[in-house]
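Note that the numbering runs from 1 along the sequence shown for the chain.
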Amino acid sequence: MAMVLAAFVKILAGLLTDYVAEEGAILVGVKDELQKLQEQMMNIQCLLKDAERRKFDSSSIKLWLSQLKDVMYDADDIIDLCRIESHKLQADQNPESNISPVCCNFSSFFCCLVSVPLRHQIGNEIKEINKMLKRIYKNRKQFNLESLTESETQVPDDSRLTSSMASPSDVGREIDDAARRLVNRLVGENVDEKCRIFAVTGMGGIGKTTIAQKFFNYPKIQTFFNLKLWVCVSQNQSGIESLKQVISGVDRRCRDDSNKTELQGIVRDSIAAGKSLFLVLDNLWTTSVWVNWIGIPLI
């Protein structure tokens with residue numbers, strides 16, 4: 001749960017950073033409180049990194065995470081409300097209007113009067129969220145949670161490596177259904193594209209790798225494709241290393257000093273002569289590995 005919540009907080013913090021930099025935050029009059037909320041989220045992010053690293057499984061830490069999740073949902077709602085109010089205020093100040101100047105000024109003045117109580121409410125709600133986050137942050141001492149930086153939470157790449165083998169206990173009905181739908185779309189009738197690309201996206205911990213493993217091991221996939229390859233792309237892996245993984249997986253060899261063009265040529269030749277390749281790129285952090293390196297000789 002800590003991993004999923006950390007991803008959610010990270011997304012909210014990014015949205016909040018973008019909004020605070022906009023004029024709308026000034027118009028609504030809550031920029032200072034939002035900046036405090038931004039700082040609180042950064043502190044919470046560091047705690048969640050430590051919680052995930054330690055793999056807590058006690059009922060008390062689960063309650064702490066549940067309380068934090070509820071407050072994050074409140075923060076998400078208030079950020080949306082701020083954006084909506086900002087757009088209204090900016091629209092009222094838009095000089096491009098078909099209404100006469102007198103009517104326009106009166107309308108803007110009336111809207112400002114109406115929005116004052118709402119902006120006051122928004123400010124109070126943000127203050128309350130900040131108080132709750134401050135209390136949650138203070139309660140970290142019960143679990144000896146520490147505020148860790150990004151570098152302190154980095155783990156060896158081996159701990160994130162995955163394989164095509166799926167644990168039977170991880171495969172439920174929803175995973176089975178999702179994999180079957182993907183298989184039918186990939187190897188169904190009237191499929192004549194040279195290259196078909198599917199992306200399984202989402203926050204960490206929701207089962208993307210498990211779906212891909214089930215997909216990879218599906219009987220139809222095993223019989224339909226001549227070559228089947230699973231490549232786990234670590235976060236710090238270079239494009240050259242990824243290409244070499246593909247080449248190794250299709251039983252080809254290359255020189256250690258081979259350049260990008262040479263490696264892509266080997267990949268292209270490996271699937272020539274009517275061969276079909278089923279390739280899974282798991283743990284892919286950016287699209288550049290596919291777009292700039294592996295995808296070029298395959299498409």
Side-chain angles (χ1 to χ4, degrees), residues 1-22 24-90 115-150 153 172 174 178 200-208 210-211:
M1 182 177 179
M3 180 188 297
V4 176
L5 191 53
F8 182 47
V9 174
K10 185 176 182 179
I11 292 172
L12 280 184
L15 292 173
L16 190 54
T17 299
D18 293 340
Y19 178 69
V20 169
E22 297 174 0
I26 299 176
L27 290 175
V28 178
V30 292
K31 185 172 183 177
D32 290 344
E33 287 299 324
L34 286 176
Q35 286 176 332
K36 292 178 183 178
L37 178 58
Q38 189 178 9
E39 293 173 4
Q40 296 274 22
M41 285 188 178
M42 292 175 63
N43 291 335
I44 291 296
Q45 273 187 281
C46 295
L47 294 184
L48 288 172
K49 291 172 186 175
D50 191 28
E52 172 59 27
R53 184 189 64 155
R54 298 192 191 190
K55 305 292 183 184
F56 283 108
D57 195 30
S58 66
S59 58
S60 56
I61 191 66
K62 287 180 179 179
L63 177 60
W64 184 83
L65 290 171
S66 178
Q67 292 172 344
L68 176 59
K69 180 183 69 174
D70 291 340
V71 178
M72 286 298 101
Y73 283 149
D74 291 339
D76 187 23
D77 290 340
I78 204 67
I79 293 172
D80 284 343
L81 188 57
C82 285
R83 285 186 174 278
I84 293 171
E85 182 67 7
S86 297
H87 291 157
K88 288 181 179 178
L89 290 172
Q90 288 172 332
S115 65
V116 167
L118 177 58
R119 281 182 278 169
H120 181 70
Q121 177 188 343
I122 291 174
N124 286 338
E125 289 185 13
I126 297 175
K127 288 180 181 179
E128 187 61 29
I129 290 173
N130 279 329
K131 288 179 182 178
M132 289 188 289
L133 284 178
K134 188 174 182 179
R135 184 164 57 249
I136 289 173
Y137 184 77
K138 185 177 180 180
N139 289 341
R140 77 191 187 281
K141 297 178 181 178
Q142 300 177 29
F143 316 106
N144 295 318
L145 288 173
E146 300 175 2
S147 295
L148 300 183
T149 62
E150 191 70 33
T153 55
E174 292 183 358
V200 182
T201 62
M203 294 186 295
I206 64 172
K208 300 185 297 295
T210 304
I211 291 177

> How would you list all residue pairs meeting salt bridge (charged side-chain N to carboxylate O under 4.0 Å, His left out) that involve residues 73-84, not counting sequence neighbours?
Replying inline: E22-R83

>> On a heavy-atom basis, which atom in V9 and which in M72 lie closest, and how many Å separate them?
In response: CG2-SD, 3.6 Å

> With sequence neighbours left out, what residues match E125 under side-chain contact (heavy atoms from CB on, under 4.5 Å)?
Replying inline: I78, Q121

>> Please report the interatomic distance OH(Y137) to CG(L68), rounded to the nearest 0.5 Å.
In response: 12.5 Å

> Shortest non-hydrogen contact from I136 to W64?
Replying inline: O-NE1, 3.0 Å

> Is any side-chain heavy atom of I129 closer than 4.5 Å to a side-chain heavy atom of L133?
Replying inline: yes

> Can you find a heavy atom in the side chain of I44 that is under 4.5 Å from one in the side chain of M41?
Replying inline: no

> Between CG of L12 and OG1 of T17, what distance do you get to the nearest 0.5 Å?
Replying inline: 10.5 Å

> Do the charged groups of K36 and E39 touch, with an N to O distance under 4.0 Å?
Replying inline: no

> Roughly how far, to the nearest 0.5 Å, is CD1 of I126 from CG of L37?
Replying inline: 7.0 Å

>> Holding to side-chain hydrogen bond (donor to acceptor under 3.5 Å, both in side chains), I want the full list of residues that pass it with Q40, two or more places apart in sequence or in another chain.
In response: none

>> Applying side-chain contact (heavy atoms from CB on, under 4.5 Å), can you list everything that pairs with E128, at least two apart in sequence or on another chain?
In response: K131, M132

>> Just to verify, what does N124 make a side-chain hydrogen bond (donor to acceptor under 3.5 Å, both in side chains) with, not counting sequence neighbours?
In response: H120

>> Go through it in stages, so that I can follow the logic: the residues are Q35 and D32, the test is side chain to side chain contact (heavy atoms under 4.5 Å, CB included), and I'd like the CA-CA distance, side-chain angles, deciding distance and then a yes or no.
In response: CA-CA 5 Å; Q35 286 176 332; D32 290 344; 3.9 Å; yes

